[in-house]
Colleague: 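Next up is a structure, given as structure tokens.
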There are 2 protein chains.
Amino acid sequence: MFSNSSKYAIKAVLFLAVNSSEDHRIMVKDMAEPINVPQAYLAKLLQELSRKGIISSKKGPKGGFFLSKENSQLTLMDVVNVIDADDKFNACLLSLEKCNADKPCPLHDLAIPSRSKLIHSLNQNSIKDFSMQIEQGKVFLPL
Amino acid sequence: MFSNSSKYAIKAVLFLAVNSSEDHRIMVKDMAEPINVPQAYLAKLLQELSRKGIISSKKGPKGGFFLSKENSQLTLMDVVNVIDADDKFNACLLSLEKCNADKPCPLHDLAIPSRSKLIHSLNQNSIKDFSMQIEQGKVFLPL
DNA sequence: TCCTAAATATGATTTTTATCATGTTTTAAA
DNA sequence: TTTAAAACATGATAAAAATCATATTTAGGA
């Protein structure tokens, strides 16, 4: 479903949402282990997310990564779209070009309703929404 | 969701379900183009499916691949499991080892109900069931 | 100002997945 | 019994994804 990189990105963003702030930045080396992602790979990912405006960063001593107010209003779909193709979620399960509601492939009607809820949630809920769920103990980050 | 190989395998099996029979076998070269899969790659895949007992084959002139009665009673999950890991569908969307109903990750409750219908259908409906749907014009194979 | 700590940029390596190529075995039919 | 058409087996190559390494830039603090 998600590429490895996307999973890492989601984990990193949620970790920042819960643990960082404008004036409490977090360094790569301090989040790599907690979220269980290879440090060098994570560094590269965070840099890309930063370049694309999904997360914020500050260089130099006392620097690190964090989420701005604006950042945390973005959705997880925004995060995923940095890495995976935009149409990933709309593509036919069998990758058939001509598959659509009129001429559905054998898996179409099983796949579409299945995914629609997930897609909707990824698109509607902000990162902030997710971090609130975490803080309320409704969901967990055993990352 | 599915690996490329799994998609190819599903397409090939459904094609055989609709177009082949015990005494009308189909050669690799005659199905590669219709289902839009590289011939050499398809050959390798079909051989693996055959070895694992998912499809049947006959060597030599007038040989080819086909589905036996028993083959067509198998499910698409059986097909997919030849190639992808068995637990692919139960794995957490974020690949978190400790994610479960008691301590769900932020995507858990979105993912599980989402996938359950698909998984159920892949497990319950036989290949024959799918080929009947195709023959009844309910779904299509614009492969 | 200078040193050091951090992100940044870039590229190399490894691993996995997908694809291609080629020789071997089986079997129907001439 | 010979030939040729098919699957079968195995390995080589290519492409993509994941991972690692290293030099550069920025900025805080002594």
Side-chain angles (χ1 to χ4, degrees), chain A residues 1-13 16 20 22-33 35-68 71 80 82-85 88 94-95, chain B residues 1-13 16 20 22-33 35-68 71 80 82-85 88 94-95:
Chain A
M1 181 109 237
F2 298 117
S3 69
N4 226 328
S5 292
S6 281
K7 293 175 191 171
Y8 291 170
I10 291 174
K11 295 207 284 182
V13 166
L16 288 175
S20 82
E22 196 96 26
D23 46 75
H24 181 268
R25 302 181 271 272
I26 297 189
M27 298 183 290
V28 187
K29 64 171 180 191
D30 290 330
M31 57 186 300
E33 202 194 312
I35 69 175
N36 195 29
V37 174
Q39 176 170 333
Y41 193 21
L42 177 60
K44 209 172 193 174
L45 258 181
L46 292 176
Q47 282 159 31
E48 193 179 356
L49 290 169
S50 170
R51 222 177 318 118
K52 296 280 179 61
I54 306 291
I55 67 178
S56 304
S57 68
K58 185 102 200 257
K59 277 184 174 183
K62 300 285 169 189
F65 296 93
F66 64 100
L67 294 195
S68 69
N71 292 150
V80 170
V82 166
I83 293 140
D84 296 341
K88 173 154 196 160
L94 297 178
S95 300
Chain B
M1 182 108 238
F2 298 116
S3 68
N4 226 327
S5 293
S6 281
K7 292 174 191 170
Y8 290 170
I10 291 174
K11 295 205 286 181
V13 165
L16 288 176
S20 82
E22 196 95 27
D23 45 75
H24 182 268
R25 303 182 272 270
I26 296 187
M27 299 182 290
V28 186
K29 65 173 179 191
D30 289 330
M31 57 187 298
E33 201 193 313
I35 69 175
N36 196 29
V37 174
Q39 177 170 334
Y41 194 21
L42 178 60
K44 210 172 193 174
L45 258 180
L46 292 177
Q47 282 158 29
E48 192 178 357
L49 290 169
S50 170
R51 222 179 314 118
K52 297 279 178 63
I54 306 292
I55 67 178
S56 304
S57 68
K58 184 102 199 253
K59 279 184 175 180
K62 300 286 171 185
F65 296 94
F66 64 99
L67 295 194
S68 68
N71 292 151
V80 170
V82 165
I83 293 139
D84 297 341
K88 173 155 196 161
L94 297 178
S95 300

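Just so you know, these numbers use all the heavy atoms, side chains as well, and skip hydrogens, waters and symmetry mates. Note that the structure is predicted; figures quoted are calculated from it, not measured.
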Colleague: Taking C-beta and beyond as the side chain, do B/Glu22 and B/Ser68 meet within less than 4.5 Å on heavy atoms?
Modeller: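 Yes, their side chains come closer than 4.5 Å.
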Colleague: Look at the side-chain N and O atoms of B/Lys29 and state whether any lies under 4.0 Å from the OP1 or OP2 oxygen of D/dA6.
Modeller: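 For B/Lys29, the contact criterion (side-chain N or O under 4.0 Å from OP1 or OP2 of D/dA6) is met.
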Colleague: What is the separation between atom CG on A/Asn4 and atom P on C/dT16, rounded to the nearest whole Å?
Modeller: 11 Å
Colleague: Below the 4.0 Å mark, does C/dT8 have OP1 or OP2 next to a side-chain nitrogen or oxygen of A/Ser50?
Modeller: yes
Colleague: Could you check how far CZ of B/Phe2 sits from P of C/dA18, rounded to whole Å?
Modeller: 14 Å
Colleague: A/Ile83: which residues meet the side-chain contact (heavy atoms from CB on, under 4.5 Å) condition with it, sequence neighbours left out?
Modeller: A/Ser3, A/Ser5, A/Ser6, A/Ala9, A/Leu45
Colleague: Think A/Tyr8 has a side-chain N or O under 4.0 angstrom from the OP1 or OP2 of D/dA18?
Modeller: no
Colleague: Output yes when at least one side-chain N/O atom of A/Ser5 is less than 4.0 Å from OP1 or OP2 of D/dA18, else no.
Modeller: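 It does, given that an N or O in the side chain of A/Ser5 lies less than 4.0 Å from OP1 or OP2 of D/dA18.
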Colleague: With a non-hydrogen cut-off below 4.0 angstrom, is A/Arg25 in contact with a base, only sugar-phosphate, or nothing?
Modeller: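 A/Arg25: no heavy atom of the nucleic acid under 4.0 Å.
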Colleague: State whether B/Ser57 places a side-chain N or O below 4.0 Å from either non-bridging phosphate oxygen (OP1 or OP2) of D/dA6.
Modeller: no
Colleague: Does B/Val80 offer a backbone N or O that forms a donor-acceptor pair with the side chain of B/Lys88 under 3.5 Å?
Modeller: no
Colleague: Whole Å only: how far is the CZ atom of B/Arg51 from the C1' atom of D/dC8?
Modeller: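 Roughly 8 Å, once rounded to whole Å.
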Colleague: Restricting to side-chain contact (heavy atoms from CB on, under 4.5 Å), what partner residues turn up for B/Asn4, sequence neighbours left out?
Modeller: B/Tyr8
Colleague: Taking atom C1' of C/dT26 as reference, at what distance in whole Å does atom CE of B/Met27 sit?
Modeller: 16 Å
Colleague: Produce the list of close N/O pairs, under 3.5 Å, pairing protein atoms with atoms of nucleotides 20-26 of chain D; give distances to one decimal.
Modeller:
residue: D/dT26; atom: O4'; partner: A/Lys59; partner atom: NZ; Å: 3.3

Colleague: Mind calculating the distance between CD (A/Glu48) and P (C/dT10) to the nearest angstrom?
Modeller: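 Value for this atom pair: 13 Å.
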Colleague: Which residues pass the side-chain contact (heavy atoms from CB on, under 4.5 Å) test with B/Gln39, not counting sequence neighbours?
Modeller: B/Val28, B/Lys29, B/Ala32
Colleague: Measure NZ/B/Lys58 against C1'/C/dT26 and give the value in whole Å, please.
Modeller: 10 Å
Colleague: Can you sort out the partners of A/Asp30 under salt bridge (charged side-chain N to carboxylate O under 4.0 Å, His left out), two or more places apart, ordered by chain and number?
Modeller: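 Listed in chain order: nothing, the list is empty.
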Colleague: Pair up each side-chain donor or acceptor in residues 48-66 of chain B with any protein partner under 3.5 Å, not counting sequence neighbours, and list the distances.
Modeller:
residue: B/Ser50; atom: OG; partner: B/Ser57; partner atom: OG; Å: 3.4
residue: B/Ser56; atom: OG; partner: B/Asn71; partner atom: OD1; Å: 2.5

Colleague: Grab the CG-C1' distance between A/Leu42 and C/dA7 for me, whole Å please.
Modeller: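 Taking CG of A/Leu42 and C1' of C/dA7, I get 12 Å after rounding.
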Colleague: Between C/dA7 atom P and A/Leu45 atom CG, what is the distance in whole Å?
Modeller: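 Interatomic distance, CG of A/Leu45 to P of C/dA7: 14 Å.
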